[in-house]
Every structure is written in structure tokens, then in C-alpha cells.
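Encoded as C-alpha cells, the structure appears first; notes follow it.
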Protein chains: 2
Amino acid sequence: MKRPTGSDVARLAKASKSTVSRVFNGGVVSFEARSRILEAAEQLNYRPHPIARSLTTNKSNLIGIAVTYLDNQFYPEVIQKLSDRFAALGYRIVLFLTHGEKTLDPMLNEILSYSLDGIVFASSSLSADVAVGCRNANIPTVMFNSVDPLGRVKGLAASNKAGAEMIAEFLIAGEHRFFAVISGMDDSSTSVERCKAFSDKIVSAGFTPPQIECGYYSFDGAAKATRKLLSGSKEIDAIFCANDHMALAALQTARQEFGREIGKDLSIVGFDNVQIAGWPAFGLTTYAQPIDNMINRIITYLVDSIEGRPGNDTPEFVEGELIVRESARRPDGVKRSTRGDHVWSPASRP
Amino acid sequence: MKRPTGSDVARLAKASKSTVSRVFNGGVVSFEARSRILEAAEQLNYRPHPIARSLTTNKSNLIGIAVTYLDNQFYPEVIQKLSDRFAALGYRIVLFLTHGEKTLDPMLNEILSYSLDGIVFASSSLSADVAVGCRNANIPTVMFNSVDPLGRVKGLAASNKAGAEMIAEFLIAGEHRFFAVISGMDDSSTSVERCKAFSDKIVSAGFTPPQIECGYYSFDGAAKATRKLLSGSKEIDAIFCANDHMALAALQTARQEFGREIGKDLSIVGFDNVQIAGWPAFGLTTYAQPIDNMINRIITYLVDSIEGRPGNDTPEFVEGELIVRESARRPDGVKRSTRGDHVWSPASRP
DNA sequence: ATGAAAGCGCTAACAA
DNA sequence: TTGTTAGCGCTTTCAT
């Protein structure tokens, strides 16, 4: 009836608790004892109790992931991959879904309550302060897809600057003239970096500074921003969106409500390369974050920290590539990548 | 340096461990003692250790969610909602992402290893056996979106039969003639029920039995199925897909590769009403699962079970409604719902 | 190679 | 109302 304990097994196998423990932890145990214990365990359907174990080992084998909304497909993708990788290492994922709360204390408290072995903040719209709080509580912490501007906690992000600049160059090479930007949140380092780099490049190339509208990282927000942009007097022919989720909204709004032909009389470029971006209905040209690479580094950093090895604590930026599809007019120099999709880089210009 | 314990607080506050415990568990404590302890706790930055607590209370406050792929947007939505609701009740979600493994034992083992207070299996493509295993290990378990054909474990699903029948009637009323079905997995009760109910209705109305192709619940699988369907000799004018994820694939494939005008010369209907289905690019007509209602019941059942109250152990089927958009030719009788979208039901036929 | 004993941080009887 | 005591199930010295 009750869940069997190590003592039960010990008793049945005529061994001691310690030996039972050793069997389940790879300790040295004689062949005889081991098989007796294994058999007893089998018979009782025994499984070590992870919580009791955690109490002594001080390890929970739980990794937290904090994300905001899951409707931006980027995050489910990240969760999926993180979960797979961590599972292979014996860790499980505990989810902290937030809603962009501005009062962070209760949330921090929540997170710290669970004795996590590590946590990754995968939300570009969550203040770095919570991550810093975790860091200060000595739990291995890493920010994904955004970084603490003050460098107080490990961060890992795509090279927003390089990506946004490449997009600007791509659009310029594609002979666009009037640029616009749909930004995420004003307090998101990710959005700010992407938009600024894009604008700077455009301006330094001698074009009118892009009109910038905020899409609040949401579908509806981006749709609204698009309406504002396209109803204005300016003849915008290229929109850069701070992420794919918003780009998808912009694309559809422009197409359905303004009759624009995407990739012909209006180009739209996103950032992230979520799966949906490649769907036939969209064919979104976008900057692909090198997710696998980023995940690898996260895992390495976290596992190193958990196991007490010193990690590289500085924020890292990883370069991705521009995936060219149909949502933006193509300049020369688009090449087929080994994976079968098309890419472009300034260097590949003829 | 080290995390402070209840004893530390007790010492500093000149009280006993028990009193400290009481303070953090809503026990009766004198005002004086309480404030002394709270102050000491604050000063030491003390927080009860959940793992130690779990060991005595036998509650982990952890709820497992097992899902397969997250690229079907239905599941992120479910996770989001479950997480929100459970969070409000003080539970956290630990994620078990599977990949349709056919060897269930290691997975069951994994799940049972964590001492979860409850678990919800939210995957129509995962065998009921794992859920039954959990049930047998005495952990409150519920299947979401699928049920155990043998009724060994609590299940909660949309009324697949009612939904699929309604879709069939809808399409018949819309004067379609040649029907096809894209099914999920053959061993998924959900898919089987939906497809069978649809076919039965079509046949009993005197039409040719629908051609059925398997889409394996995946985007690519459904795209392939669509190609098969539309390249065939039959002049199919309506496709019912066992879920939205596949319907979205079918819709795009038919549109892009076969030049079909969706809602005009080819109607496509899905099942689930995921957010994306409502996007302008798709306007997918689909049967909406009453997710909130279902989630409510799951929570109630699980919490009741956890707290030792007897729950209703029989599988439940909840009725949803048919959301009418543009992907299928409309019969008469479509009405505007209070939420602003359009619905249809056989009863509303003129 | 094995066992005895201590203790992880907490809660829960019980006694006072 | 408070404190004392005894575990929860496990790992981990330390002897043997």
C-alpha cells in the first residue's frame, strides 16, 4: 500500500540501508549483495525517493524555465529543445509562466521557493532584476535571448546588432527606399538593440530614418502598428519587425487589410526564424537565431555552474544567418545553403 | 553564505523551530512571537525549504504535464492555461516532453521518480498505459484530450463524436458532395473517434464514404496526405482534418500547390480552434474545444484527488461549438455569437 | 565490502 | 501559546 522505502528493501534483502543506497548510486557493492537487493527492489517495486535524496544531496535535478507568453512560437521551440537536452542529463523542467508582471518580488519569491538547480530566463520582456535576484541567491542562472544591461548575470543572445544590420543591408541591397520598424517593448534590451542597429544602418546609408511603431511583442499590437504605418502618408516599402511573431501579424495585416503584395510592393522581415515563418502562407524572410548553438552554451554553462566548475560569466552573442524567403524583395547574392534554404550575407554580394 | 534554516531563525528570534514553522504555515502564534520571527527571517533572508517540507508533508506541490510535440499550438495553449490555474493554487508545472516513444517503461519510471502530486497527460498520441501506470502508483492522474478506451483512468475530452458529426452536417448543409478525411494516428482514440463519427454521418446521409488519409498529427504528414487526396481522381470538395494543426497544413498545401480557393472550390475544416486558426491568412472553420471548461474540470478532479476527496472517475466528454470562418462554404444558419465570432449548429438550420 | 549512526530541514504529535 | 521529541527517506562519514 505505502510506497516502499530503502529500509524495506534492505530488510527483505538482508542488507543494510547503506548498501541499498550504494546499489542505486553506483557505489561498490559485491555482486551477491547487489543482485539480492535488486531483486528485492524489483519485488517491492521500489524506487528511491527523489525528495528525500535531494534533502541530503542538496540537488533537486530541477531546472526552471521562466517565460512569458507561449503564443510566440519561439518559446515553445526553446522549451522543447531545452527540455530534451536537460532530460538527457537527468534534469526536469519546471515552468514559470509569467505575464509581464511589473511587481517582481512575489515572482522571485516563488522561484526561489523551489530549490532549483538552475534557471533560465527565456523572455525578452522580463526584467533582468529577477534573474539577478536568483543569481544573488546563488542559483545558477542564465538569461536567454536577452541580457542584463549591467552584466550582473550570465546572458546569451543572438547577435541582435549583427542581425539587424544585416537585415538593413539586405533591404538596402534589395533597393528599398522607405523603411519602418515595429519594435517590441521599450524596456526589452533585445528589442532596443535590434531596432537601434537597424535604424542606425539605414540612416548611415543615407536614407530617411525609419518610422518606428511599437508592437508590444504581441500579435494584435503588431497588427495595430502595421495599420498605423500603412495608413500614414509615407510610402513605406519595407518593414523590419523585432521578431517573427510580430512580423507574421504585420504580413497578414498588410496583405488582408491593405491589399499589399508581400515581397512585391511591400517587404517584411522578421527575426527568430520560428517554424511557422517557413509555412507556405508566409514565406517570411528572417534572421535565424542559432538556437541549437545557444542551447548548447546554456547547458554547458548551467551544468558547469551546478557542478561547481567556473563558467564564463560574460554575456555572449551568437551570430545567426539571414534566411531568405519570399516576404522581401531579393537582392543579388542569395545562395542556397547546405540545408536547402536560402541565405544572404553582405559578403555574398556580387 | 549557507542558506539559513528554520533553526537559524528560531535561534535569532529566541523561539523554537516549531513556532517558526507555525508562522510559515498559518498556525496559531502570538503576535509578539510572530513579529520577532518574521523579523529574524527577513534579516536572514530565510525561506522555508520546500524539499524538506515535502519530505514530511508528503506533498511536492508539483504537477506533471506530459505532452508530445509542442509545434501543435494546441498544447502550448493548454500548458499556459493549466500553468496559470495551478500556479494560483500554489502548484508548479513540471514538464515531460515525449516523442511518441513506443517503449513506455523508462518514461513511466521517469515520471514516477519525481514525487508529483498529480499529473495530466495531454497528448492524444501517447498510450494510455503510462497514465494507467501512474494511476496504479496512486498518483492522481487525468488524461486530457484523450481517454483510456478501457476506462482505467480518468479522462477528459471534447465530445469528439458530437463535434465531428456537427462538422459533417455542416459540410452537408453547405452542399458539399465528395468528402475526405485526414486522420491523426491510428492508435489515438481521439483521432479514431473523430474520423469515425464523421465518416458514419457522411455515409448515413447517403454520400460516398470519405477517402481517409493519415496525417500522423504532423504538419508534413498532413501536407502529404493532402497531396494524395488532391492528386487522386476523385473530385474532393471537402476535407475534414482531425485537428487544426493538420488542417492548417492541408489548407496551405491545397492553396499553394493545387491552386485551390479555400472556402470556394475546396472546403477545409479542423478541430481544436487553436489561436492561429483565426489568423487572417487561414480563417479556419473549426470545432472549438471548450478548453476553459475542460481545464476547470481537470483542476477540480486533480485537486480533489490530491486532497483525498473522491472524484468522479468516469471519462467526461464536453461539448464545444463550431466556429465558422472562411475556410469552408457556409450553409444557412450561421449566427454571430456573443463573443463576436460566428457559430453554427444543426439546430440553427432554418 | 558492509553496517551503524548521524543528520539534511522540516512538520506534527504530544506535553507543558 | 509554546517547546520537546520524533521522525520523513535518503546519503554519507566512519568503523569494521
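Reminder, nothing fancy here: chain letters follow the sequence lines and each chain counts from 1.
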Could you measure the distance from the [atom1] atom of [X] to the [atom2] atom of [Y]? Nearest 0.5 Å is fine.
X	Y	atom1	atom2	result
Leu108(B)	Asp129(B)	CG	CG	9.5 Å
Leu97(A)	Leu70(A)	CG	CG	5.5 Å
Asp117(A)	Ser54(A)	CG	OG	7.5 Å
Ser60(A)	Ile139(A)	OG	CD1	8.5 Å

Counting the atoms with a prime plus P, OP1 and OP2 as sugar-phosphate, which does [X] contact under 4.0 Å by heavy atoms, base, sugar-phosphate, or nothing?
X	answer
Tyr46(A)	sugar-phosphate
Pro50(B)	nothing
Asn25(A)	sugar-phosphate
Val20(B)	nothing

Q) Is the centre of the Tyr69(B) ring less than 6.0 Å from the centre of the Tyr217(B) ring? A) no

Report the nucleotide, chosen from [options], that has the shortest atom-to-atom distance to any side-chain atom of [X].
X	options	result
Ala33(B)	dT2(D), dG3(D), dT11(C)	dT2(D)
Val28(B)	dT1(D), dG9(C), dG9(D)	dT1(D)
Val29(B)	dT11(C), dC10(D), dT2(D)	dT2(D)
His49(A)	dT11(D), dG7(D), dG9(D)	dG9(D)
Ser16(B)	dT2(C), dG9(C), dG3(D)	dG3(D)

Q: Tell me which of Leu55(B) and Arg34(B) sits closer to the 5' end of DNA chain D, going by the nucleotide each one is nearest to.
A: Arg34(B)

Do any N or O atoms of the protein come closer than 3.5 Å to N or O atoms of nucleotides 14-16 of chain C, and which pairs are they?
none

Q.
Pair Thr98(B), Val67(B) - check side chain to side chain contact (heavy atoms under 4.5 Å, CB included), show working.
A. CA-CA 6 Å; Thr98(B) 70; Val67(B) 288; over 6 Å; no

Looking at the base of [N], is there any donor atom on it, or on the side chain of [X], that sits under 3.5 Å from an acceptor on the other one?
X	N	result
Ser18(B)	dT4(D)	yes
Thr19(A)	dA1(C)	no
Ser21(B)	dA12(C)	no

Q.
Restricting to non-hydrogen atoms, name the atom on Asp272(B) and the atom on Asn72(B) that form the minimum distance, rounded to 0.1 Å.
A. OD2-ND2, 4.4 Å

Q.
When you measure from the side-chain N and O atoms of Ser30(A) to the phosphate of dT2(C), is any distance below 4.0 Å, counting only OP1 and OP2?
A. yes

Q | Value in whole Å for how far the C1' atom of dG9(C) lies from NZ of Lys2(B) | A |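 Value for this atom pair: 9 Å.
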
Q: For the helix from dA1(C)-dT16(D) to dA16(C)-dT1(D), figure out the bend between the end axes, five pairs an end, and round to 10 degrees.
A: 30°

Q.
Using the rule side chain to side chain donor-acceptor pair (under 3.5 Å), only one of Arg85(A), Lys81(A), Arg297(A) pairs with Asp292(A); which is it?
A. Lys81(A)

